[in-house]
Amino acid sequence: MSSAICVIVNPHAGGTGTSDRGTEVREALAEAGVEAEIRPMAPGRSPEDAAREALAAAFDTIVAAGGDGTVSGVANAVLHAGGGARLGLLPFGTFNFFARGLSLPLDPAGAAACLRDGATRGVAVGTVNGRVFLNNMSLGLYPSILDNREDVYARWGRSRAAAYWSVLTTLTGMHRPMRLTLDTDGTRERMVTPLVFVAASAYQLDAYSLQGADAVREGRLALFAARKARAADLVRSAVALARGRAREGEEFDMRTGRAFEIHPHKARVLVARDGEREHMATPLRVAFSERPIEVIVPRPA
């Protein structure tokens, strides 16, 4: 190993699927004078798989070159590797909420320069049953949309029309809303809702003009439960959210807390973490990580 830095490259980040992503990364690192081993993700391998392999090879800085989903997978490997490893970012995603929240440069050259000159900061991240999420996790309608979208993509190819079609078919074919029990810092209540969404990113909440950002900054998570179950109402709520007009008490109910325990009355449920889906055993225990992840961020002026 010639360098302590390993860059995990997701060639599909941002939806481009470009074969030049590795070249972009290589050129940005060379311009910044950063020596690193570049590892494009192999087909069928996840960002977490690639990061674990790099950690096993004794790299102490793992850089995620991709979007929030890529960063989340790499962050999960770094968190569970124990102390000593650092997380770096080369943002190539569509939204890059985690990078934006840390005031990281979004251009490859600026992000590479941050790897060279930046400081290391401990950042607490969200976890659900021990698995990392940087921006949000959800269960109910949204993971079902993502699951249906992959089926639509496999049949018709990736396109905006296919994405919209997956939403419509999920809404029109959805079953009854979830009945669940929610424990918020020890306080228990029952809920009936089609969607539960837990946010760990104050930046993302601010971006959508949602309440709860101040609570996140103070070390609490924000949980949102959709109030309406009819497909037409959910479409209207989604439009209100996109326009930054979603309001507590109208489209959703909000809770904030240091820890949530969600009991969906099923042994396993489909969960989305930063857009990536997986089935998880219940109950779902959601909290900030007990130990922060060491992340390379811009050095204070």
Side-chain angles (χ1 to χ4, degrees), residues 1-11 13 22 25 29 34-93 96-99 101-102 104 111-112 114-137 198 200-201 219 221 259 271-281 284-298:
M1 183 185 69
S2 60
S3 173
I5 302 175
C6 181
V7 182
I8 308 299
V9 179
N10 182 355
V25 170
L29 294 175
V34 175
E35 293 186 3
E37 180 172 318
I38 299 172
R39 294 189 177 186
M41 284 168 46
R45 303 292 286 170
S46 70
E48 186 173 352
D49 293 333
R52 283 177 176 164
E53 292 168 0
L55 289 163
F59 288 95
D60 58 14
T61 299
I62 312 298
V63 178
D68 287 319
T70 303
V71 179
S72 183
V74 173
N76 195 70
V78 171
L79 178 67
H80 293 293
R86 298 189 304 167
L87 172 67
L89 282 75
L90 290 174
F92 282 103
N96 301 309
F97 284 126
F98 187 64
L102 295 173
L104 280 159
C114 183
L115 295 177
R116 180 193 64 208
D117 302 327
T120 301
R121 182 203 303 175
V123 178
V125 295
T127 63
V128 50
N129 288 5
R131 304 278 290 164
V132 166
F133 64 95
L134 304 175
N135 300 315
N136 60 74
M137 62 76 58
V198 182
S201 167
L221 294 162
V271 174
R273 296 181 300 111
D274 296 326
E276 303 297 322
R277 298 152 296 124
E278 66 180 294
H279 284 88
M280 290 187 144
L284 303 175
R285 296 178 175 87
V286 191
F288 276 112
S289 56
E290 295 181 5
R291 173 175 81 248
I293 293 181
E294 298 300 314
V295 184
I296 302 174
V297 299

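The analysis underlying the following values was restricted to heavy atoms, covering all of them including side chains, and did not include hydrogens, waters or symmetry mates. Fair warning: this is a prediction, and the values are worked out from it, not measured in the lab.
Here the CD1 atom belonging to Ile8 is positioned 11.0 Å from the CG atom belonging to Leu87, to the nearest 0.5 angstrom. Summarising the geometry, atom OG1 belonging to Thr120 is positioned 13.0 Å from atom CD1 belonging to Ile293; distances are rounded to the nearest 0.5 Å. One finds the CE atom of Met41 at 6.5 Å from the OG atom of Ser46 (value rounded to the nearest 0.5 Å). In this structure, Arg291 CZ and His80 NE2 are separated by 8.0 Å, a value rounded to the nearest 0.5 Å. Atoms CG and SG, on Leu104 and Cys114 in that order, are 5.0 Å from each other to the nearest 0.5 Å. Between atom CD1 of residue Ile5 and atom CG of residue Asp60 there is a gap of 8.0 Å, rounded to the nearest 0.5 Å.
The residues Glu276 and Arg131 are annotated as not salt-bridged, no charged nitrogen and carboxylate oxygen being separated by less than 4.0 angstrom.
Here the shortest heavy-atom pairing between Gly66 and Val71 reads O-CG2, 4.4 Å. Shown here for Ala200 and Phe133, the closest heavy-atom pair between the two residues is CB-CE1, 3.6 Å. Across all their heavy atoms, Val34 and Ala112 have their closest contact at CG2-O, 3.7 Å. The two residues Arg52 and Ala77 come nearest to each other via the heavy atoms CG-CB, 3.8 Å. Across Asp274 and Asp68, no two heavy atoms sit closer than the pair CB-O, 4.3 Å. Nearest approach of Leu55 to Ala85, heavy atoms of both residues: CD2-CB, 3.7 Å.
Side chain of Thr127 to backbone of Ala287: a donor-acceptor contact under 3.5 angstrom is found. In this structure, the side chain of Thr61 does not engage the main chain of Arg86 through any donor-acceptor pair within 3.5 Å. Asn96 places a side-chain N or O within donor-acceptor distance of the main-chain N or O of Gly93, the cut-off being under 3.5 Å.
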Worked check of side-chain contact (heavy atoms from CB on, under 4.5 Å) between Met280 and Arg273: CA-CA 11 Å; Met280 290 187 144; Arg273 296 181 300 111; 4.1 Å; yes

Output, in order, the C-alpha distance, side-chain angles, deciding distance and verdict of side-chain contact (heavy atoms from CB on, under 4.5 Å) for Leu90 and Leu115. CA-CA 9 Å; Leu90 290 174; Leu115 295 177; 4.1 Å; yes

Check the pair Val123 / Phe98 against side-chain contact (heavy atoms from CB on, under 4.5 Å), numbers first and verdict last. CA-CA 11 Å; Val123 178; Phe98 187 64; 4.2 Å; yes

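Taking 4.5 Å as the limit, every side-chain heavy atom of Leu89 sits out of range of all side-chain heavy atoms of Val74. Proximity of Val25 to Phe92: side-chain heavy atoms (C-beta onward) are separated by under 4.5 Å at one or more points. A heavy-atom distance below 4.5 Å is found between the side chains of Asn129 and Leu284.
A search for side-chain hydrogen bond (donor to acceptor under 3.5 Å, both in side chains) contacts involving Arg285 returns Glu261, not counting sequence neighbours.
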